[in-house]
Number of protein chains: 2
Amino acid sequence: MTTRVPQERRRRRPTRSGVLLSEDLIVETALRLIGEHGPEALSVRRLGAALGCDPTALYRYFDGTDDLVLAIADRIIGEAMAGFAPGADWVAGLREMALRVRAGYLAHPRAAALAAHRVTRRRNEIRAVDTGIGLLLSAGFPPAEAARLYLAFIDTVLSHAATEAAFHALPRQGREADQRAWRDAYQDLDPVAYPALTAVRRELPAMADSSFEQSVDLLLQALEARAPLTRPGGSARPRSAASLP
Amino acid sequence: MTTRVPQERRRRRPTRSGVLLSEDLIVETALRLIGEHGPEALSVRRLGAALGCDPTALYRYFDGTDDLVLAIADRIIGEAMAGFAPGADWVAGLREMALRVRAGYLAHPRAAALAAHRVTRRRNEIRAVDTGIGLLLSAGFPPAEAARLYLAFIDTVLSHAATEAAFHALPRQGREADQRAWRDAYQDLDPVAYPALTAVRRELPAMADSSFEQSVDLLLQALEARAPLTRPGGSARPRSAASLP
DNA sequence: ATATTGGGTCAACCCTGTTGACGTAAGGCG
DNA sequence: CGCCTTACGTCAACAGGGTTGACCCAATAT
């Protein structure tokens, strides 16, 4: 497994350009690079150039690109969940949690696309799991069901966020092509071969939009319907009238 | 500018090693390559070597790596949906569709990691979209809502499948380590700092299991609750009976 | 039989991540 | 204060990636 840098770095030596490298500085610069010049700007060489050091100097701080990406991912999770304090309404809490995770990933699409399907098992992730399961427990779900439902919830949120991030991480060309596809390729179809597509033809351009919130809403609706306790916030959303008492 | 090969290829010319190239042969070889040696084994050069042709010959059939990946994705969809004929029960139809897509991606776990997040805009995908939207229309949803809900449905299915495929694509070592993590790393936690995790401690090993079916069930439950028409199959939802003892 | 052109080949360019050797300066220690 | 160790920044090099343009042969259309 990754032989990470053991402890506090004591000895510092400025680079040729006078910069004092540090793990934090490298991660921050990597995120800035991605934010400014697009997802494909993250490479060891470019990162070295942005830091004003030799690219290979980064290998003194990280075992490789993978290790660096994990460090970035850890920071993203920390940023996303920073200051999150759920209230009494567990449905609203889960929804905000979903939106925070999604925003965190979308803020750094390339890093997210690389680290999306990975279980970090680090502090920030553990804290998030505790928070999420806590919300389901507060809804009255017994422990076993709370754990299972949380898994379904977070897997849905994470995999959707990963999908969106992966799309944003595509090179500009492919991204636009994918969006255009719903207007172009799906428009002139044989009505006999594709009756359903023909029926919803005018709605297809909207398929380029994100389904994240729609999916989360559907999931939360189902969770609320199954919850042993009614939630404190009351039924602010129209669909919950159909839920069980 | 995707200048895809217009129609049937008429002129054939064997490569130096005597192989007759074709779009199908290239895609099949790519899938075999990925299945045998992992996703990183897919490169234009290696694929050329496996086919017994010059690497750049592939550019006569695909605009680039991206185009090839889309063709691979579409073939996986085609394999998964082959022979699928939904009955009157639209919920059951969507569920089978979900399971088929999942099985298709799991059959090629390593290719799925590359392909699952893309819009192929090819024949097999278009047919699948038509089928799925058709099922929602048969449930009585108006066109706009059918399109939006289908997007949420298929995005959930695809992104979950991608997550699972990515896990299955891990080397055996890392997979077992990930599963052990739920027993090990999440077991000895500070009960004060992580109360919820402590409460569900005995259920955590189950977190290593898949949440695919659970998530699909939740989604279908929400869809059924919103459907204008009651479904022909009756309301014998497997969920309530399938809940844990 | 000849003209056309699809498409396989080759060389070249610029990008990537990663490694090993090298040397310099920082910091502990006498 | 000055040595000695070693952290770490630098450099050169390697192997592999995608993609392009020129070249030219042969398969087909006429």
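Following rounding to the nearest Å, A:Leu58 (CG) and D:dT10 (C1') show an atom-to-atom distance of 12 Å. The CZ atom of A:Arg13 sits 5 Å away from the C1' atom of D:dG9 (whole-angstrom rounding). Atom CG in A:Leu21 sits roughly 16 Å away from atom P in D:dA7 (whole-Å rounding). Whole-Å rounding puts the B:Leu68 CG to D:dG17 P distance at 14 Å. Taking atom CD of residue B:Glu23 and atom P of nucleotide C:dG7, one finds them 11 Å apart after rounding to whole Å. In this structure, CG of A:Leu51 is placed 15 Å from C1' of D:dC8, rounded to the nearest angstrom. Atom CG of B:Leu20 is separated from atom P of D:dA26 by 15 Å (rounded to the nearest Å).
A salt bridge between A:Glu28 and A:Arg32 is absent, with no side-chain N of the basic residue lying under 4.0 Å from a carboxylate O of the acidic one. The pair B:Arg118-B:Asp66 meets the salt-bridge criterion, with a side-chain N (NZ, NE, NH1 or NH2) lying under 4.0 Å from an Asp/Glu carboxylate O. For the pair B:Arg100 and B:Glu96, the salt-bridge criterion is met [side-chain N within less than 4.0 Å of a carboxylate O].
In terms of heavy-atom proximity, B:Leu21 sits nearest to B:Ala57 at CD1-CB, 4.1 Å.
With a 4.5 Å cut-off on side-chain heavy atoms, B:Val157 and B:Arg102 do not count as touching. For the pair A:Arg123 and A:Ile126, the minimum side-chain heavy-atom distance is 4.5 Å or more. Here the side chains of A:Leu99 and A:Glu213 are in contact, with some heavy-atom distance below 4.5 Å. Between A:Phe62 and A:Ile72, every side-chain heavy-atom pair lies at or beyond the 4.5 Å cut-off.
Axis angle between the ends of the helix from C:dA1-D:dT30 to C:dG30-D:dC1, five pairs each and rounded to 10 degrees, works out to 10°.
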Per-nucleotide protein contact string for nucleotides 14-22 of chain C (B base, S sugar-phosphate only, - none; heavy atom under 4.0 Å): --BBBB-B-

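Every residue was checked against the side-chain hydrogen bond (donor to acceptor under 3.5 Å, both in side chains) condition with B:Asp130, not counting sequence neighbours, and none meets it.
Nearer to the 5' terminus of DNA chain D, by closest-nucleotide assignment, is the contact made by A:Pro14 (compared with the other of A:Pro14 and B:Ala41).
Proximity of A:Arg16 to the phosphate of D:dC11: a side-chain N or O atom is located under 4.0 Å from OP1 or OP2.
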